[in-house]
Enquirer: 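My questions all concern the structure below.
Atoms within a ligand are numbered from 1 in the order they appear, just like the ligands themselves.
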Amino acid sequence: MIPVNTPLLDGNEREYLLECIDSGWISNEGPFVARFEQAFAETVGRKHGVACANGSGALDIAVAAAGIGPGDEVIMPTFTIISPAASVVRAGGVPVLVDSDPVTWNMNLGQIEAKISPRTKAILVVHLYGLPVDMDPLLEIAERHGLIVIEDAAEMHGQTYRGQPCGSFGLMSTFSFYPNKHITCGEGGMVVTDDDDVAEHCRRLRNLCFQPGRRFVHEELGWNYRMTNMQAAIGLAQLERLDAHVQRKRAMGTAYQTALSDTANIQLPLATTDYAENIYWVFGIVLGTNIDQDAAGIMQQLANQAIGTRPFFWPIHEQPVFLNQNLFTNESYPVAETLARRGFYLPSGLGLSTDDLSEVVTALRGCLPATR
Ligand SMILES: *Cc1c(COP(=O)(O)O)cnc(C)c1O
């Protein structure tokens, strides 16, 4: 079996974890949490890092700290994981969606301005699959309309936009450290920001909004989204390996690109733009129109050969949970709908061997109609 993701834990993970156990520091109060927060914030060029339980929780915290509440509209891509939309809906806000760019698979910036209304409060940017959103035009629109920018950089550890770290743009940025990300804690997330007050607010929101003076008296509702010292220990060890991980992912992405470049019936990820080079969070492909089967069909054929894959995200405007709440009724975003039905990703974890990658390529070629 070649799983869709295998993490790589070949640095100081074991040593740091043992330090937690030997010292007895396993909770959020342990020293690795602050060390990981500081080191990670520094890596992405931010003043503050607030480590939390996972990337979805980081988005909950960021949305709350941005003051997004009932009736507030937040512009975001429809083609994304559920988390950013879930955070906004739970806060009482309304996700306002834009379609995808068919080449980069990121949000279509040309559709943003038409979606701005007097209720628009923020743009929630989600960088997808290893290639950042073109931030300059987006930041210009946000500034012109006085909108908050939140960056979901969960798939962007170590990536840059025109030389500036992803995760350094807007009021706040969020990260995930799920095992398929470029660095992992098992489960984990972080909000990063340059704003002292916002950082303090995020810390309170992460910790049930306990108050310094009167601990069990609450002025606001938060969550228990604390990260343990053990997660942070693994995270810090992973962070030391970030450059190596990004290099490895790029090498893997390039190997897939080369091996599949003459496959006429599939669209491959964009390798470079004038603002960034892909870091291949995962290696996604989109089936061309001349392939009869959709992604599910080809994925099943690969599964029959013991090769793990994952479908692309399912669009927010087609999520039953939101349609049942009368959100996005009759909305259509054709590019995202096609990506969701025709796109999936191949095994692309950091632990994937060169032999396994070749096996995946051979199996995939066998599933696709012969090149004309
Ligand atoms: C992984 C991911 C998340 C969620 O992170 P979790 O840690 O799994 O909760 C959010 N946004 C994007 C874009 C992601 O890829």
Enquirer: Within the 4.0 Å heavy-atom shell around Ser56, which atoms of ligand 1 are there?
Expert: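 Under 4.0 Å from Ser56, ligand 1 has these atoms: 4 (C), 5 (O), 6 (P), 9 (O).
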Enquirer: Does atom CD1 of Ile26 have more than 12 heavy-atom neighbours, drawn from other residues, nucleotides or ligands, at distances under 6.0 Å?
Expert: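 Result for CD1/Ile26: open.
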Enquirer: Would you mind running through ligand 1 and noting each atom that sits below 4.0 Å from a heavy atom of Val126?
Expert: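 With Val126 as reference, the close atoms of ligand 1 come out as 13 (C).
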Enquirer: Before accepting this row, confirm whether a basic side-chain N of the pair Arg206/Glu200 lies closer than 4.0 Å to the acidic partner's carboxylate O.
Expert: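 No, this pair does not count.
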Enquirer: With a cut-off of 6.0 Å (strictly less than), are more than 12 heavy atoms of other residues, nucleotides or ligands near CZ of Arg144?
Expert: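 Yes, the 6.0 Å shell around CZ holds more than 12 heavy atoms from other groups.
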Enquirer: Looking only at distances, please establish whether an N/O atom of ligand 1 is found under 3.5 Å from an N/O atom of Trp281.
Expert: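 Among all N and O atoms of Trp281, none is under 3.5 Å from an N or O of ligand 1.
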Enquirer: May I ask you to establish whether Arg310 and Tyr345 are in a cation-pi arrangement, using a distance under 6.0 Å from NZ or CZ to the six-membered ring centre and at most 45° from the ring axis?
Expert: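 Judged by the rule (NZ or CZ under 6.0 Å from the ring centre, within 45° of its axis), Arg310 is not positioned above Tyr345.
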Enquirer: Which ligand 1 atoms are under 4.0 Å away from a heavy-atom of Ala154?
Expert: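 So the atoms of ligand 1 that pass are 2 (C), 3 (C), 10 (C), 11 (N), 12 (C), 13 (C), 14 (C), 15 (O).
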Enquirer: So is there a nitrogen or oxygen of Thr80 less than 3.5 Å from a nitrogen or oxygen in ligand 1?
Expert: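 It does not: no N or O of Thr80 is found under 3.5 Å from an N or O of ligand 1.
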Enquirer: Could you tell me whether Glu337 and Arg342 make a salt bridge, using a distance below 4.0 angstrom between a side-chain N and a carboxylate O?
Expert: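 Between Arg342 and Glu337 there is no salt bridge, as every charged N stays at least 4.0 Å from the carboxylate O atoms.
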Enquirer: Between Asp194 and Arg46, does at least one N-O distance fall below 4.0 Å, as a salt bridge requires?
Expert: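 Between Arg46 and Asp194 there is a salt bridge, with a charged N closer than 4.0 Å to a carboxylate O.
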Enquirer: Salt bridge or not between Arg365 and Asp262? Use side-chain N to carboxylate O under 4.0 Å.
Expert: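 Looking at Arg365 and Asp262, the cut-off is met.
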Enquirer: Pick out which of Phe283, Phe313, Phe344 makes a ring-ring contact (aromatic ring centres under 6.0 Å, His included) with Tyr129.
Expert: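 Between Tyr129 and the candidates, ring-ring contact (aromatic ring centres under 6.0 Å, His included) is satisfied uniquely by Phe313.
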Enquirer: Please confirm whether Glu187 approaches ligand 1 to less than 4.0 Å, judged on its heavy atoms.
Expert: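 Contact absent.
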Enquirer: Return the closest protein heavy atom for atom 1 (C) of ligand 1 as residue, atom name and distance.
Expert: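 Nearest neighbour among protein heavy atoms for atom 1 (C) of ligand 1, to 0.1 Å: Lys181 NZ, 1.8 Å.
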Enquirer: Got an N/O contact under 3.5 Å between Glu155 and ligand 1?
Expert: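 Such a contact does occur with ligand 1.
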Enquirer: Numbering the atoms of ligand 1 from 1, which are under 4.0 Å from a heavy atom of Gly55?
Expert: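 Result: 5 (O), 6 (P), 7 (O), 9 (O).
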Enquirer: If you measure every N/O of Gly57 against every N/O of ligand 1, is any gap under 3.5 Å?
Expert: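 Checking ligand 1 against Gly57, no N or O pair falls under 3.5 Å apart.
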Enquirer: With heavy atoms only and a cut-off of under 4.0 Å, state how Asp152 meets ligand 1: side chain, backbone, both or neither.
Expert: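 Looking at Asp152 and ligand 1, just side chain atoms fall under 4.0 Å.
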